[in-house]
2 protein chains.
Amino acid sequence: MKVTELAKSLGTTADTVRYYTRLELLKPAKSVNGYKSYSNKEVSRLKFILSARNLGFSVADIKQILNESEDGKSACPLVRSLIKERLEETEKQFQAMLALRGKMSSALSQWEEMEDKAPTANMVCHLIENFEQIKKA
Amino acid sequence: MKVTELAKSLGTTADTVRYYTRLELLKPAKSVNGYKSYSNKEVSRLKFILSARNLGFSVADIKQILNESEDGKSACPLVRSLIKERLEETEKQFQAMLALRGKMSSALSQWEEMEDKAPTANMVCHLIENFEQIKKA
DNA sequence: TTAGACCTGTGTCTAAGACACAGGTCAAGC
DNA sequence: GCTTGACCTGTGTCTTAGACACAGGTCTAA
C-alpha cells in the first residue's frame, strides 16, 4: 500500500500519514523504487492512532502508548492517566474559549453602534482601547 | 526603557516584547551598548497590542491594524471585520472543544470501570479501540 | 579591579500537520 | 520502443506566539 492509498482508506491525508511515519509511529517497508510500502499491520496501527487522536491524545502520548504495548505491557493504566491530564487541559482551554467568546461577541455588538474614529497620537483604535466588558451580574 | 522594564510595567514578559519587536510592531531605538531602548510611544503601542491580543486578535491582525492607523486612516472598519472573522473561528473551536470535552469525560468514566488488558497482535488498547460514545438522547 | 548577579540579543524549539517542489512512476498514444 | 502528461513521491520548509538556551555584555559592591 502506498501512502495515499492508506490515507484515503482511513479518511485522512497523505501528509498526516507521512508525519506519523517521520515520527516512526508507522514503520513501512521500502519499495524498490524508494516509495514507502504500508502493510496491513500499519493499517490497523494507523486506525488506532486516528482513534486516539480523536479522543484528544497528543501524538507524543500515542507514541508512549505504542511503545508500552510493543513491550507487551498493558497500556491501559497509562491511557487512563494520560486522558486525565488531557481532559484537565481541555477543560482549561474550554473555559478560556468560553470567556473569550463572550468578550468577543460583547465587543462586536458594542462596536456595531459606535462610530469610526481616526487615530490620534496616543490612540490607535478607540473601539479596542476603550473596550470594557460588562461583567455578568 | 529596557526590554524587561517595559515588559514588567505592562505585566508581560521580555520574550513577548522581543517577539513584537522582531515583527516590527515595536520599533525601539538602539542604545549605544546595542540594547533596545523603548520610548513612551512604544509603551502605549504595547498597551494597545496587549489589549487587542486579549480580545482575540492575532498578531498579524494587529500588524494590519497598526499599519492602517499609521497611514492616518481609521482602523475601525478593519477592526470590526477582523473580529467578526475571529469570533467565527472561536465559535468553531469552542464547539469542537465542547464536543471533545464530552467525549473525553465520557471515556474517562467508562474506563475507570474497565479492566486492563494486555495488547494483542491487532489490538493496542481495548479502552481506546472499543470506545464508542453514548450519544446524547 | 574583580567577582558575581543580572541582563541582553540572537537563534532555536515547540504541535500537528499543510504546502511547495524537484523529480520519479505509470498508463495511453504513437 | 518511445514519449507525453497526469499523478504521485519523499524531503524540506512554513505556520503561531512566544518560551527557552546561551554566549557574552553591564553594573553594582567589595
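Every chain is numbered from 1 and lettered A, B, ... according to where its sequence line falls, protein lines coming before strand lines.
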Under a plain distance cut-off of 3.5 Å, with no hydrogens placed, do A/Glu89 and A/Gln93 share a side-chain donor-acceptor pair?
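Short answer, no.
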Whole-Å distance between [N] [atom2] and [X] [atom1]?
X: A/Lys2; N: D/dG10; atom1: NZ; atom2: P; value: 10 Å
X: B/Leu10; N: D/dG18; atom1: CG; atom2: P; value: 14 Å
X: A/Tyr19; N: C/dT14; atom1: OH; atom2: P; value: 10 Å
X: B/Leu23; N: D/dT16; atom1: CG; atom2: P; value: 9 Å
X: B/Ile62; N: D/dG18; atom1: CD1; atom2: C1'; value: 13 Å
X: B/Leu25; N: D/dT16; atom1: CG; atom2: C1'; value: 13 Å

Near-strand residues of residues 87-104 of chain A, defined as heavy-atom separation under 4.0 angstrom from DNA chain D:
none
Can you list, by residue number, the residues of residues 41-59 of chain B that have a non-hydrogen atom closer than 4.0 angstrom to DNA chain D?
B/Arg53, B/Ser58, B/Val59
Within less than 4.0 Å of OP1 or OP2 of D/dA17, is there a side-chain N or O belonging to B/Tyr20?
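Negative; the distance criterion is not met.
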Is the phosphate of D/dT11 approached by A/Lys36 (side-chain N or O, under 4.0 Å from OP1 or OP2)?
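Answer is yes, contact under 4.0 Å.
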Just jot down the side-chain contact (heavy atoms from CB on, under 4.5 Å) partners of B/Glu88, sequence neighbours excluded, or say none.
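Testing B/Glu88 for side-chain contact (heavy atoms from CB on, under 4.5 Å), a comparison that skips the adjacent residues, returns none.
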Taking only residues two or more places apart in sequence, or in another chain, which ones meet A/Asn130 in a side-chain contact (heavy atoms from CB on, under 4.5 Å)?
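Once residues adjacent in sequence are excluded, the partners of A/Asn130 under the side-chain contact (heavy atoms from CB on, under 4.5 Å) criterion are A/Met123, A/His126.
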Pick the nucleotide of DNA chain D nearest each of B/Gly34 and B/Ala60; which residue has the one closer to the 5' end?
B/Ala60
Tabulate below the donor-acceptor pairs under 3.5 Å that side-chain atoms of residues 32-40 of chain B make, not counting sequence neighbours, or state none.
from    : atom 1 : to      : atom 2 : distance (Å)
B/Asn33 : OD1    : B/Tyr35 : N      : 3.0
B/Tyr38 : OH     : B/Thr21 : OG1    : 2.8
B/Ser39 : OG     : B/Lys41 : N      : 3.3

Please lay out, stage by stage, how A/Lys27 and A/Glu42 fare under the test salt bridge (charged side-chain N to carboxylate O under 4.0 Å, His left out).
CA-CA 7 Å; A/Lys27 291 157 193 163; A/Glu42 315 306 324; over 6 Å; no
Residue pairs fulfilling ring pair (Phe, Tyr, Trp, His ring centres under 6.0 Å) with at least one residue in residues 2-26 of chain A, sequence neighbours excluded:
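For residues 2-26 of chain A: none.
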Hey, could you give me each pair passing ring pair (Phe, Tyr, Trp, His ring centres under 6.0 Å) that has a residue in residues 60-98 of chain B? Not counting sequence neighbours.
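Those involving residues 60-98 of chain B are A/Phe94-B/Phe94.
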Got a list of side-chain donor-acceptor pairs under 3.5 Å for residues 48-57 of chain A, not counting sequence neighbours?
from    : atom 1 : to       : atom 2 : distance (Å)
A/Ser51 : OG     : A/Lys47  : O      : 3.0
A/Arg53 : NH1    : A/Phe57  : O      : 2.7
A/Asn54 : OD1    : B/Lys103 : NZ     : 2.8

I want to verify a distance call: between D/dC8, D/dT26, C/dT8, whose nearest atom is closest to the B/Asn33 side chain?
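Nucleotide nearest to B/Asn33's side chain: D/dT26.
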Give every residue pair that meets the side chain to side chain donor-acceptor pair (under 3.5 Å) criterion with at least one member in residues 67-79 of chain A, sequence neighbours excluded.
A/Arg45-A/Glu70
Give me each pair satisfying salt bridge (charged side-chain N to carboxylate O under 4.0 Å, His left out) with a member in residues 16-26 of chain A, each pair once, sequence neighbours excluded.
A/Asp15-A/Arg18
Here the salt bridge (charged side-chain N to carboxylate O under 4.0 Å, His left out) pairs for residues 105-118 of chain B, sequence neighbours left out, are A/Arg80-B/Asp116, A/Lys84-B/Glu112
Sugar-phosphate or base contact per nucleotide [nucleotides 19-24 of chain D; S, B, -; heavy atom under 4.0 Å]:
BB----
